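Everything on this sheet refers to the single structure shown next.
It should be emphasised that the depicted structure is a prediction, and the values quoted were computed from it without experimental measurement.
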Amino acid sequence: MIRLVLADDQALIRAGFRMFVDPEPDIEVVGEAGTGREAIDLARAERADVVLMDLRMPEMDGLEATRRIAQDAALADVHVLVLTTFEDDGNVLLALRAGASGFLGKHVEPAELVTAIRVVAGGDALLSPAATKGLIRHFLDQPAAIALPAAPELGGLTNREREVLALVSQGLSNEQIAERLFLSPLTVKSHLARTMSKLGARDRAQLVVIAYQTGLMRA
C-alpha cells in the first residue's frame with residue numbers, strides 16, 4: 001500500500017486529487033497538509049511513501065519543505081512529487097536539486113496522476129524527455145536567473161556509467177537503456193546505483209540535473 005500525503009494550501013484542490021486516488025486499491029491518502037511545515041510533520045507521523053507537494057504554500061513553501069524532507073535521514077524513504085505549472089520552470093529545477101523525485105502539472109489527467117504516484121513510490125523519477133529538456137533549456141538560456149549548488153565532477157565515473165547517465169538524462173527507463181547498450185536491466189540498475197553514490201544524487205531526477213549542469217548533456 002502506497003501511503004500518500006496531499007500538500008496544498010487549497011482544500012478544494014486537495015479534495016480533487018483525493019477523489020482521483022481514493023478508488024485505487026494500492027494508494028491510501030494518510031493526511032492532508034495546508035503548509036510545508038504540516039507536510040513534513042505528516043510525512044513523519046504517518047510514515048508516508050509519497051508527498052504530493054505544491055510549491056506555493058504559506059508558513060513554509062513546498063521548495064523548503066522538499067529540501068528538509070530530503071535532508072532528514074528519518075525521512076529517507078519519503079519521495080516528493082511536486083505540483084507545478086510550466087510557468088514555474090525555475091522552481092521545478094530548484095525543487096529537483098532540493099530532492100524532489102519529479103513533478104506534475106496541476107491539470108494532470110487522473111490516470112497520469114495515479115501512474116506518477118506509483119512511479120515515484122517505486123523509487124523512480126517522473127521525468128519525460130520532452131518536459132525535462134524544456135525545463136533545462138529554459139534555465140540554461142537564463143543562467144543568471146538562478147543560483148544552484150555546484151555540480152559534482154564526473155571524473156570518478158567509468159565510461160559505461162557516463163553512458164548510462166547520458167541516457168537517463170534523456171528520460172529512458174532501465175529497460176530502454178539496457179536495450180540500447182545491450183545490457184541486462186539488472187546491470188543497468190547496478191550502474192545507476194554506483195553513479196548515484198559517486199555523485200551524491202538522491203534519485204534519477206537529480207542525475208538529470210547533474211548531467212546538464214556538468215555539460216555532459218546539452219539542451
CG (D22) with more than 12 external heavy atoms under 6.0 Å: yes

Test item: R14 side-chain N/O and D8 main-chain N/O as donor-acceptor pair under 3.5 Å: yes

Which atom of K198 lies closest to which atom of G156, heavy atoms considered: NZ-O, 3.0 Å

Minimal non-hydrogen separation, G34 against E38, with atom names: N-OE1, 2.7 Å

pair D9-R56: side-chain heavy atoms closer than 4.5 Å: no

Joint cluster assignment, I13 & V21, ILVMFWY side-chain distance < 4.5 Å: yes

Close side-chain approach of L83 to F17, heavy-atom, < 4.5 Å: yes

Euclidean distance, R160 CZ relative to T195 OG1, rounded to 0.5 Å: 11.5 Å

Joint cluster assignment, L55 & L12, ILVMFWY side-chain distance < 4.5 Å: no

Same apolar cluster (I L V M F W Y, side chains within < 4.5 Å links), L81/M19: yes

Minimum heavy-atom distance V114-F20, with the two atoms named: CG2-O, 4.1 Å

Atom pair CG (L113) and CD1 (I27), whose distance is rounded to the nearest 0.5 Å: 7.5 Å

Backbone of E109 reached by a side-chain donor or acceptor of E112 within 3.5 Å: yes

Side-chain heavy atoms of H191 within contact of I177, under 4.5 Å: no

Shortest non-hydrogen contact from I117 toward I2: CG2-CG2, 4.0 Å

Nearest non-hydrogen partners of V120 and S101, listed with the distance: CG1-CB, 3.8 Å

Interatomic distance, L52 atom CG to E32 atom CD [nearest 0.5 angstrom]: 11.0 Å

Interatomic spacing from CD in E179 to OG in S184 - rounded to 0.5 Å: 13.5 Å

Other residues, nucleotides, ligands: >12 heavy atoms within 6.0 Å of D26 CG: yes

Inter-residue atom distance D77.CG - I69.CD1, 0.5 Å rounding: 12.5 Å

Residues that N174 engages under side-chain hydrogen bond (donor to acceptor under 3.5 Å, both in side chains), provided they are two or more places apart: R204

Nearest-0.5 Å distance that lies between atom CE in M1 and atom CD in E24: 10.5 Å

Residues forming a side-chain hydrogen bond (donor to acceptor under 3.5 Å, both in side chains) with E59, sequence neighbours excluded: R37

Side-chain (S197) to main-chain (A193) donor-acceptor, under 3.5 angstrom: no

Student check: side-chain heavy atoms of I40 and V51 closer than 4.5 Å: no

Shared hydrophobic cluster for L192 and F182 (ILVMFWY, side-chain gaps under 4.5 Å): no

For D72, side-chain hydrogen bond (donor to acceptor under 3.5 Å, both in side chains) partners two or more places apart: R44

Donor-acceptor contact present, side-chain E64 to main-chain M60, <3.5 Å: no

Minimum heavy-atom distance P58-T35, with the two atoms named: O-CB, 3.3 Å

Side chains of V188 and L181 in contact at under 4.5 Å (non-hydrogen atoms): no

Check: R47 side chain, R3 main-chain N or O, donor-acceptor pair, under 3.5 Å: no

